[in-house]
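Please read the structure below before turning to the comments.
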There are 2 protein chains.
Amino acid sequence: MDTPNHCQFCAQHPDSAFHGLNREGLEEISQLKTCVSFKKGQVLMHEGARPQGVYCLHRGKVKLFTLGTEGKEQIIRFVTKGDLIGYRSILSDEPISASAEALEDTFACYIPKSSFFKVIEDNPKFSLNLLKLSCHELGEAGKMITSLAQKNVKERLAEILLILNTTFGVDEEGYIDINLTREEIANMVGTATESVIRLISELRKEGYIRSKGKRIALEDRSALRQMASVFE
Amino acid sequence: MDTPNHCQFCAQHPDSAFHGLNREGLEEISQLKTCVSFKKGQVLMHEGARPQGVYCLHRGKVKLFTLGTEGKEQIIRFVTKGDLIGYRSILSDEPISASAEALEDTFACYIPKSSFFKVIEDNPKFSLNLLKLSCHELGEAGKMITSLAQKNVKERLAEILLILNTTFGVDEEGYIDINLTREEIANMVGTATESVIRLISELRKEGYIRSKGKRIALEDRSALRQMASVFE
DNA sequence: GTTTGAAAATGACAATTATCATATCTATCT
DNA sequence: AGATAGATATGATAATTGTCATTTTCAAAC
């Protein structure tokens, strides 16, 4: 039997979909899941496919993205420890809307579709958690829509840098603890790679951030928040 | 007792959150709800507020929008007959993320928060429907994000016109059956009002649409689909 | 340490989109 | 029917952003 404690561990986090489940529910999931690992760059799920289960991330980082016109990738959001992948597609009974690719070596639990539904049926609390989760993400998506529609590229870049800083934290030297290329940042901001590079240089010259290679550290977060009109 | 049949009527539509509920469940909702009406321009819910219940639209049209920087409104989506308003906020226990304003005289059923949760508890099917609904909308939001990030204004306008045509249908003369100003269209597309006006003229000159005052009719939908890169 | 390919940086220029000014139209009220 | 306010339309111009070309830097593999 492989690592039956993972679920209880994941469930500790208040934002986890498994939070607040009783012992039996967690035990049930632990029984039904299997553990899988992915190398950096591996694709967990393909846009358009019909997933046969959901992943719950145990360790690692994953980007979710759709392919727009001419194959350009648009990063929708990131998935980290404790987050689920594929639940949207299974619950709405639609093809996967975004591909999921590992940004670093990643470990996840796989819960087959049938087991997933069984846990939902057996645990109303789990169902409510999922509702809460999807409704929260719906609100986040709305914010992203407003940003893309109304802010200019520099404001959006400032916003994304703040989000990355919050989502992934910083290393010992203060750099945001995520390994993204400028192109990937551009694919979040919704702009050209060169524009991101130019604006990162600008922000550096203005003293709001510092950078070393591809790594970025925020120097003046409150100024960035003001620039991005983020009031949280 | 007011119009106890509304809920059964709404529940007929396969996309309704109330679809598939048993007789008792529908009866329960019919008991708990009250009917309200709104004049054109009235606000049903204010961004940032804490709603005390949800609305289920019975007749009329409502726009959902957030206010971006400098008070510019960004229309997220429209709500029509059978759709719910406010459920996202109540379920995620967050403030309302978008204001709701009636685009025409509108009738709705109001279900208080406590009653809403009671129906969820008593009817697992309802809970699953809501999950399906929010997950579907999450996918739609993802599409909108990719469009905003990657398409130019003309492509997005073509896409929005197709969506309006599908959502609201056409009148006897073939015009899209919704009364929107050019400014409101711009607030969906995420651009300046003048840009929308210019591009509507362009589309008209190119023969893809015709217009009469503020009313618009699609003349060549497949060309518009191609322009917008919509393959559905 | 050198090699080497990919990523970052920068400049020049083109395309897109926004802004401002102004004219025309249209629906509604009297 | 005429007045009027708000909406649509259009031109001129400015600002933003994208594209292409080239150079520099970086990091992994040998």
Side-chain angles (χ1 to χ4, degrees), chain A residues 39-41 68-74 103-105 147-161 173 175-176 178-206 209-217 227-228, chain B residues 39-41 68-74 103-104 147-161 175-176 178-206 209-217 227-228:
Chain A
K39 289 274 167 202
K40 177 179 177 177
T69 34
E70 292 152 50
K72 191 180 176 193
E73 99 182 20
Q74 173 62 33
L103 289 168
E104 53 187 52
D105 291 358
S147 282
L148 281 166
Q150 300 198 352
K151 293 178 186 173
N152 65 32
V153 176
K154 193 170 183 181
E155 291 164 346
R156 299 205 304 270
L157 174 61
E159 186 176 20
I160 294 289
L161 291 178
E173 294 178 75
Y175 292 102
I176 298 174
I178 176 74
N179 196 348
L180 293 175
T181 65
R182 300 290 189 256
E183 185 180 4
E184 284 172 316
I185 294 176
N187 290 345
M188 294 196 68
V189 174
T191 190
T193 306
E194 294 93 328
S195 296
V196 161
I197 291 173
R198 252 179 264 276
L199 291 169
I200 285 178
S201 295
E202 248 184 72
L203 289 174
R204 187 178 47 237
K205 282 168 196 160
E206 293 163 345
I209 64 175
R210 65 193 150 89
S211 68
K212 191 173 176 182
K214 54 163 53 174
R215 299 190 301 160
I216 296 172
M227 180 181 302
Chain B
K39 290 273 167 204
K40 177 179 176 177
T69 33
E70 291 152 51
K72 192 180 176 193
E73 97 180 21
Q74 174 62 33
L103 290 168
E104 53 186 53
S147 283
L148 282 167
Q150 300 198 351
K151 292 179 185 173
N152 66 31
V153 176
K154 192 170 184 181
E155 291 164 346
R156 299 205 302 269
L157 175 60
E159 187 175 20
I160 293 291
L161 291 178
Y175 292 103
I176 299 175
I178 177 74
N179 195 349
L180 293 176
T181 64
R182 300 290 189 258
E183 185 180 4
E184 284 172 316
I185 295 177
N187 290 345
M188 294 196 68
V189 175
T191 189
T193 306
E194 295 93 325
S195 296
V196 160
I197 291 173
R198 252 179 264 275
L199 291 169
I200 285 179
S201 296
E202 248 183 72
L203 290 175
R204 188 178 46 237
K205 282 168 195 159
E206 293 164 345
I209 65 174
R210 66 194 150 88
S211 69
K212 193 173 174 181
K214 54 163 54 171
R215 299 191 302 160
I216 295 171
M227 181 183 301

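Computed over heavy atoms, backbone and side chain alike; hydrogens, waters and symmetry mates excluded. Throughout, protein chains are lettered first and strands after them, A, B, ... in sequence-line order, and every chain is numbered starting at 1.
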Original post:
Are B/Lys154 and B/Glu206 within salt-bridge range, i.e. N to O under 4.0 Å?
Top reply: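 Between B/Glu206 and B/Lys154 there is a salt bridge, with a charged N closer than 4.0 Å to a carboxylate O.
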
Give the rounded distance in Å between these two atoms: [atom1] of [X] and [atom2] of [N].
| X | N | atom1 | atom2 | value |
| --- | --- | --- | --- | --- |
| B/Leu199 | C/dA15 | CG | P | 17 Å |
| A/Lys214 | C/dA9 | NZ | P | 11 Å |
| A/Ile216 | D/dC26 | CD1 | C1' | 15 Å |
| B/Lys151 | D/dG18 | NZ | P | 17 Å |
| B/Gln150 | D/dT17 | CD | P | 17 Å |
| B/Asn187 | C/dA18 | CG | C1' | 14 Å |
| A/Lys72 | D/dT17 | NZ | P | 13 Å |
| B/Glu183 | C/dA18 | CD | P | 14 Å |

Original post:
Does A/Lys72 offer a backbone N or O that forms a donor-acceptor pair with the side chain of B/Gln150 under 3.5 Å?
Top reply: yes

Subject >> N/O donor-acceptor pair under 3.5 Å between B/Arg182 side chain and B/Glu194 backbone >> reply: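 No; judged by distance alone, with no hydrogens or angles, the pair does not exist.
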
Subject >> Nearest listed nucleotide, side chain of A/Ala192, among C/dA21, D/dT19, C/dA8 >> reply: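 It is D/dT19.
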
**OP:** Could you check which of C/dT10, C/dC20, C/dA8 has an atom nearest any side-chain atom of B/Glu194?
**Re:**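 Out of C/dT10, C/dC20, C/dA8, the nucleotide with an atom closest to B/Glu194's side chain is C/dC20.
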
**OP:** Ignoring hydrogens and angles, answer whether the base of D/dG6 and the side-chain atoms of B/Arg182 contain a donor-acceptor pair closer than 3.5 Å.
**Re:**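 In this structure, the two groups form no donor-acceptor pair.
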
Subject >> Under-3.5 Å donor-acceptor pair between B/Arg198 side chain and D/dG11 base >> reply: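 Looking at the base of D/dG11, it does pair with a donor or acceptor on the side chain of B/Arg198 (distance under 3.5 Å).
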
So, is [X] close to the [N] phosphate, meaning a side-chain N or O under 4.0 Å from OP1 or OP2?
| X | N | answer |
| --- | --- | --- |
| A/Thr191 | D/dG18 | yes |
| B/Ser195 | C/dT17 | no |
| B/Ser201 | D/dT10 | yes |
| A/Arg215 | D/dC26 | no |

**OP:** Enter the distance from B/Ile185:CD1 to B/Leu199:CG here, rounded to the nearest 0.5 Å.
**Re:**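 One finds 11.5 Å between CD1 of B/Ile185 and CG of B/Leu199.
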
Original post:
Which sits closer to the 5' end of DNA chain D, A/Arg156 or A/Lys212, going by the nucleotide each is nearest to?
Top reply: A/Arg156

Original post:
Which comes earlier along DNA chain D counting from the 5' end, the contact point of B/Ile197 or that of A/Asn152, where each point is its nearest nucleotide?
Top reply: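 It is B/Ile197, whose closest nucleotide lies nearer the 5' terminus.
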
Original post:
Is there a side chain to side chain contact (heavy atoms under 4.5 Å, CB included) between B/Asn179 and B/Leu103 once you walk through the steps?
Top reply: CA-CA 8 Å; B/Asn179 195 349; B/Leu103 290 168; over 6 Å; no

Subject >> Sugar-phosphate, base or nothing in reach of B/Arg204, heavy atoms under 4.0 Å >> reply: sugar-phosphate

